[in-house]
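What you are looking at is a predicted structure, and each value in this text was computed from that prediction instead of being measured.
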Amino acid sequence: MEYIQVTKNNIEKEHICCAISNNKDIQVSSKKEWMMKCFDDGLVFLKSAERGKCFIEYIPAENAWIPIIAANYMYIDCFWVAGSFKGHGYSNDLLDKCIEDSKAKGKSGLCILSSAKKKSYLSDPKYLTYKGFKVASVSDAGVNLMYLPFNENEVCPRFTESAKNPHIEAEGYVLYYTNQCPFNGKYVPIVEQAAAEKNIPFKAIRIETKEQAQATPSPCTTYALFYNGDFLTNEQQNDKRFLKLVQSR
């Protein structure tokens, strides 16, 4: 498999794997705009040369858009191998390349979001455990921070207190999100419209900087939906899923 690193120099022409190829589509343009903000902070986006969902995205943890304390670690934003790419060892290839690059940059290890049991939009804990990752910190939201230290004596990374115990002082539905996920550019406005049409109290807060992200009261920042102050889900909603969720409350 041939891999391509997306950079400032080639981002306009490269497909970013998990969104459609039309650069004028809001899903693509919003994701690429977010990536451009992060390249100077050390963001690496490595993908298969073949089009499809096969990529790894990582950044030095001090610059990650996530509320963790992980000095000198590399944080994996997203790690996705799907469809026809599964079962060919590409996950191992991408992770090995991330480890090699991180060691070359003098990092202490890797960290990534997961869960006790496999959840949508979080990395598979079974695979991570197989690769040597351990649980570093646990959130009340059912989200775990896992880590792979490169040496035995490395300091264990952890969530901030607000991420470990996610809660906000607000009524109704409140969504924190970033443009790291390309699909938010399309689906957040759709959910906003559905909520408005049904008179459902809903507020969407787009996180614009890494500082805002690192202060977010949730272990997940790409998508964190709260209801009456309590964390509900990190799973992205469309209008039908959101209205079904509301009806179940």
Step-by-step side chain to side chain contact (heavy atoms under 4.5 Å, CB included) determination, E57 to I76: CA-CA 6 Å; E57 176 185 300; I76 300 175; over 6 Å; no

Passes side chain to side chain donor-acceptor pair (under 3.5 Å), Y75 versus N63? Steps please. CA-CA 9 Å; Y75 175 74; N63 294 327; over 6 Å; no

Test side chain to side chain contact (heavy atoms under 4.5 Å, CB included) applied to Q193 and D239, step by step: CA-CA 8 Å; Q193 181 178 350; D239 50 346; over 6 Å; no

Apply salt bridge (Lys or Arg N to Asp or Glu O under 4.0 Å) to D140 and K164, showing your working. CA-CA 6 Å; D140 291 343; K164 287 182 65 177; over 6 Å; no

Apply salt bridge (Lys or Arg N to Asp or Glu O under 4.0 Å) to residues E192 and K203 and explain how you reach the verdict. CA-CA 8 Å; E192 285 182 301; K203 180 180 181 181; over 6 Å; no

Which is it for T222 and N184 under the side chain to side chain contact (heavy atoms under 4.5 Å, CB included) test, yes or no, and what are the steps along the way? CA-CA 9 Å; T222 304; N184 285 341; 4.2 Å; yes

Using the rule given for side chain to side chain contact (heavy atoms under 4.5 Å, CB included), can you reason through F226 versus L175, listing the C-alpha separation, both sets of side-chain angles and the distance that settles it, and then say yes or no? CA-CA 6 Å; F226 289 77; L175 171 67; over 6 Å; no

Derivation and outcome, salt bridge (Lys or Arg N to Asp or Glu O under 4.0 Å), residues E33 and K31: CA-CA 5 Å; E33 180 184 357; K31 169 68 175 183; over 6 Å; no

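Annotation: the span from I112 atom CD1 to L122 atom CG amounts to 9.0 Å, rounded to 0.5 Å. Atoms CG and CE, from L43 and M35 in turn, are 6.0 Å apart once rounded to the nearest 0.5 Å. In this structure, CD in Q237 is found 12.5 Å from CD1 in I190, a value given to the nearest 0.5 Å. The OG atom of S30 sits 4.5 Å away from atom CG of N179, with the distance rounded to the nearest 0.5 Å. The structure places CD1 of I16 at 10.5 Å from CH2 of W34, a figure rounded to the nearest 0.5 Å. Taken to the nearest 0.5 Å, the OG atom of S218 stands 13.0 Å off from the NE2 atom of H167.
Side-chain contact between I59 and F39: absent, with no pair of heavy atoms (C-beta onward) separated by less than 4.5 Å. L232 has its side chain within reach of R249: a pair of non-hydrogen atoms, C-beta onward, lies under 4.5 Å apart. With contacts defined as side-chain heavy-atom distances shorter than 4.5 Å, the pair Y227/T233 does not qualify. Between K117 and K126 the shortest side-chain heavy-atom distance does not fall below 4.5 Å. At least one side-chain heavy atom of I69 sits under 4.5 Å from a side-chain heavy atom of T160. By the 4.5 Å heavy-atom criterion applied to side chains, S139 and N144 are not counted as neighbours. No side-chain heavy atom of D41 sits less than 4.5 Å from a side-chain heavy atom of P60. For the pair Y127 and P125, the minimum side-chain heavy-atom distance is 4.5 Å or more.
Closest non-hydrogen pair, C98 versus L110, comes out as SG-CD2, 3.9 Å. Pairing each heavy atom of L128 with each of S123, the nearest pair is CD1-CB, 3.8 Å. For the pair S137 and P157, the tightest heavy-atom approach, listed with the atom from each and the gap, is CB-O, 4.3 Å. Across all their heavy atoms, A71 and S108 have their closest contact at O-OG, 4.4 Å. Across every non-hydrogen atom of P67 and Q214, the tightest pair is CB-O, 3.4 Å. In plain terms, the two heavy atoms of V81 and C54 that are nearest each other are CG2-SG, 4.1 Å.
Within a 6.0 Å radius of CZ in R158, other residues, nucleotides and ligands contribute 12 heavy atoms or fewer. When the shell of 6.0 Å around CD of E100 is examined, it contains 12 or fewer heavy atoms from other residues, nucleotides or ligands. Other residues, nucleotides and ligands contribute at most 12 non-hydrogen atoms within 6.0 Å of the OH atom of Y187. Residue-environment remark: NZ (K118) exceeds the threshold of 12 foreign heavy atoms within 6.0 Å. The number of heavy atoms from other shown groups lying within 6.0 Å of CD (E50) does not exceed 12.
Remark: side-chain polar atoms of N151 are not paired, donor with acceptor, to backbone N or O of E154 under 3.5 angstrom. Formation of a donor-acceptor pair under 3.5 Å by the N10 side chain with backbone atoms of T7 is found in this model. Put simply, the side chain of Y73 gets close to the backbone of V155: a donor and an acceptor are under 3.5 Å apart. T221 places a side-chain N or O within 3.5 Å of a backbone atom of W65 that can act as its donor or acceptor partner. Looking at S102, its side chain never comes within 3.5 Å of a backbone N or O of I99 through a donor-acceptor pair. Using modelled atom types, one side-chain atom of K32 and one backbone atom of I11 make a donor-acceptor pair closer than 3.5 Å. Side chain of H15 to main chain of C17: a donor-acceptor pair is present (N/O by atom type, distance under 3.5 Å, no hydrogens or angles). Proximity of a side-chain donor or acceptor of S248 to a complementary backbone N or O of L245 within less than 3.5 Å is detected.
Transitive grouping of hydrophobic side chains (ILVMFWY, heavy atoms separated by less than 4.5 Å) brings F133 and V135 into a common cluster. Linking Ile, Leu, Val, Met, Phe, Trp and Tyr whenever their side-chain heavy atoms come within less than 4.5 Å leaves V191 and F183 in two separate clusters. V143 is not connected to L225 by any chain of hydrophobic side-chain contacts under 4.5 Å among Ile, Leu, Val, Met, Phe, Trp and Tyr, and they are in different clusters. Note on L94: it does not cluster hydrophobically with I4, by side-chain heavy-atom contacts below 4.5 Å among ILVMFWY residues. In terms of hydrophobic clustering, with Ile, Leu, Val, Met, Phe, Trp and Tyr side chains grouped at heavy-atom distances under 4.5 Å, M1 and V44 are assigned to a common cluster.
Aromatic rings from F45 and Y58 are positioned such that their centres are separated by 6.0 Å or more. The aromatic ring centroids of F79 and F55 lie 6.0 Å or more from each other. Taking the six-membered ring for Trp and the full ring otherwise, Y177 and Y223 have centroids separated by 6.0 Å or more.
K97 forms no cation-pi arrangement with Y3, by the criterion of a distance under 6.0 Å to the ring centre and an angle within 45° of the ring axis.
Taking 4.0 Å as the cut-off between side-chain N and carboxylate O, K107 and E62 count as a salt-bridged pair. Ion pairing of E14 with K47 is present here, as a side-chain N (NZ or NE/NH1/NH2) and a carboxylate O approach within less than 4.0 Å.
Side chains of Y130 and D124: no donor on one and acceptor on the other come within 3.5 Å.
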